[in-house]
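A short worksheet on the structure shown next.
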Amino acid sequence: MMLTALGLMSGTSLDGVDIALIETDGKQVKAFGPSGYRPYSPAERNLLRQALSEAVHLPQRDARPGILAEAERAVTQAHAEAVAAFVAQNRMKPEDIDIVGFHGQTVLHRPERRLTVQIGDAPALARAIHIPVMHDFRAADVEAGGQGAPFVPVYHRALANSLEREGPIVVVNIGGVSNITYIDGNDTLIACDTGPGNALLDDFMYRTMNQAFDAEGKFAALGKADEAWIARALELPFFALPPPKSLDRNDFAALKLGDVAPADGAATLTAFTAAAIARIVPLLPRRPRSWIVCGGGARNLTMLRMLREQVGSATVEAAETLGWASDAIEAQAFGFLAARGLKGLPLSYPATTGVPMPMTGGVIARP
């Protein structure tokens with residue numbers, strides 16, 4: 001049975017709420033619906049940055065001390081506003097939507113402690129939007145010993161299989177953290193985080209230029225990457241680990257560039273992201289023939305150029321060129337995952353998160 005599913009995603013880049021509608025049975029996508037975006041205000045973004053700092057010391061996943069309770073209310077309100085605006089703009093009614101997939105905002109991801117925390121009050125959201133909400137997608141995986149990330153691979157596979165091209169295909173999502181999905185037919189699905197995405201670069205741009213990000217990579221294009229710094233950074237143990245593996249947004253925050261010109265710093269961090277993605281190639285079963293880039297990094301032309309330089313003869317293309325809505329893919333994915341969760345289908349696998357067995361997940365909050 002096909003479901004009309006609305007996916008919501010607020011990623012580690014802290015830019016805002018992506019929202020997208022799909023029609024799916026949880027196995028294939030019948031149709032893409034409209035998508036939308038509700039940016040966080042500077043005040044909301046600052047609140048979330050404070051929440052990330054305070055969440056480092058969280059003892060348990062349901063604790064909301066101090067600023068975290070305020071941040072959770074803000075996240076919930078922003079998502080409710082995103083859904084209300086989306087429904088109004090597209091002349092829909094709540095009853096037109098079967099299920100909402102609500103990821104929430106990750107503030108802490110420590111799978112080695114069997115702890116992952118996404119803030120957002122799903123019961124309050126369900127009451128506000130009058131639609132059932134599926135949430136808490138990652139918890140079951142982490143509690144079972146999985147990495148709890150990445151969670152989009154099953155959706156990447158559904159998209160890649162529709163292309164009917166020869167594999168292996170790698171779908172790269174460059175958000176705050178970068179992750180890949182390696183697809184080789186229906187049987188081989190491997191996924192992992194590869195390293196920093198836009199988080200280090202965005203934080204650097206914010207500190208040095210008071211800009212939220214490097215638009216189209218224009219700033220990095222003016223600079224010169226510090227190859228020695230990148231080589232040292234790539235010696236961190238994480239990069240030699242085989243998949244599956246996952247990261248917290250701030251896992252590389254301790255890496256300091258030192259006293260560099262802003263353009264050189266942006267170039268270095270952009271090149272580091274590209275090199276870290278390419279570092280996964282020797283750890284995959286076969287060399288990928290094509291790389292499809294989605295997420296915010298797909299709009300960074302300097303990032304795409306640097307990735308092409310890293311992966312040699314393989315093709316590198318932005319998801320948009322294939323007709324995929326790059327900005328909406330993660331939101332679509334959580335609509336897809338909500339449909340899978342409703343049907344009890346697996347959301348994660350041993351080769352995507354390291355969980356012992358294929359795991360379903362998600363919890364439903366009803367209006």
Side-chain angles (χ1 to χ4, degrees), residues 7-20 22 32 35-40 45 101 103 105-106 109 149-160 169-183 191-203 205 212-217 220 246-249 251-252 266 269-278 280 288 290-308 310-311 315-337 352:
L8 302 171
M9 183 65 196
S10 175
T12 49
S13 294
L14 308 180
D15 51 352
V17 180
D18 292 311
I19 181 167
I22 61 169
F32 299 115
S35 60
Y37 176 63
R38 192 273 194 195
Y40 286 134
R45 199 173 290 130
H103 175 266
Q105 179 68 56
T106 297
H109 185 66
F151 250 57
V152 183
V154 286
Y155 184 61
H156 287 162
R157 180 176 62 189
L159 291 175
I169 297 169
V170 169
V171 180
V172 190
N173 177 62
I174 307 178
V177 167
S178 293
N179 55 62
I180 62 108
T181 302
Y182 172 93
I183 304 143
C192 65
D193 289 346
T194 60
N198 299 313
L200 288 180
L201 177 61
D202 290 352
D203 290 350
M205 292 297 292
F213 57 94
D214 182 13
E216 297 182 356
S246 70
L247 292 165
D248 182 81
R249 181 192 190 277
D251 276 349
F252 294 97
L269 293 174
T270 305
F272 177 37
T273 293
I277 293 168
I280 200 66
S290 56
W291 298 73
I292 301 167
V293 185
C294 55
R299 293 194 302 275
N300 186 320
L301 303 183
T302 303
M303 186 95 72
L304 290 178
R305 173 177 61 79
M306 290 177 168
L307 185 57
R308 285 189 185 100
Q310 290 281 344
V311 299
T315 61
V316 175
E317 56 204 313
E320 297 282 353
T321 64
L322 301 171
W324 299 1
S326 180
D327 289 340
I329 281 179
E330 283 203 281
Q332 290 170 349
F334 278 92
F336 183 78
L337 289 168
T352 61

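We use all heavy atoms of the structure for the numbers below, so side chains are in, but hydrogens, waters and symmetry mates are not.
In this structure the side chain of V171 never reaches within 4.5 angstrom of the side chain of L159, judged on heavy atoms. Between H156 and I329 the shortest side-chain heavy-atom distance falls below 4.5 Å. At least one side-chain heavy atom of I277 sits less than 4.5 Å from a side-chain heavy atom of W291. Contact check for I19 versus R38: no side-chain heavy atoms found under the 4.5 Å cut-off. Between M205 and D202 there is no side-chain heavy-atom pair separated by less than 4.5 Å. Residues N173 and V152 are not in side-chain contact: their nearest non-hydrogen atoms beyond the backbone lie 4.5 Å or more apart. P39 has its side chain out of reach of D15: every pair of non-hydrogen atoms, C-beta onward, lies at least 4.5 Å apart.
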> Where do L301 and R305 land on the side chain to side chain contact (heavy atoms under 4.5 Å, CB included) test, with the steps shown first?
Replying inline: CA-CA 6 Å; L301 303 183; R305 173 177 61 79; over 6 Å; no
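Within 6.0 Å of atom CZ in F213, 12 or fewer heavy atoms from other residues, nucleotides or ligands are found, so the atom counts as exposed in its surroundings.
Between V172 and the choices T181, I180, V316, the side-chain contact (heavy atoms from CB on, under 4.5 Å) rule is met once, by I180. Results of the side-chain contact (heavy atoms from CB on, under 4.5 Å) test with L201 over N300, T273, I174 single out N300 as the only residue that passes.
Between Y155 and F336, the ring planes lie tilted relative to each other; the angle falls in the 30° to 60° range.
Minimum interatomic distance between Q105 and Y40 (heavy atoms only, all atoms of both residues): OE1-OH, 3.8 Å.
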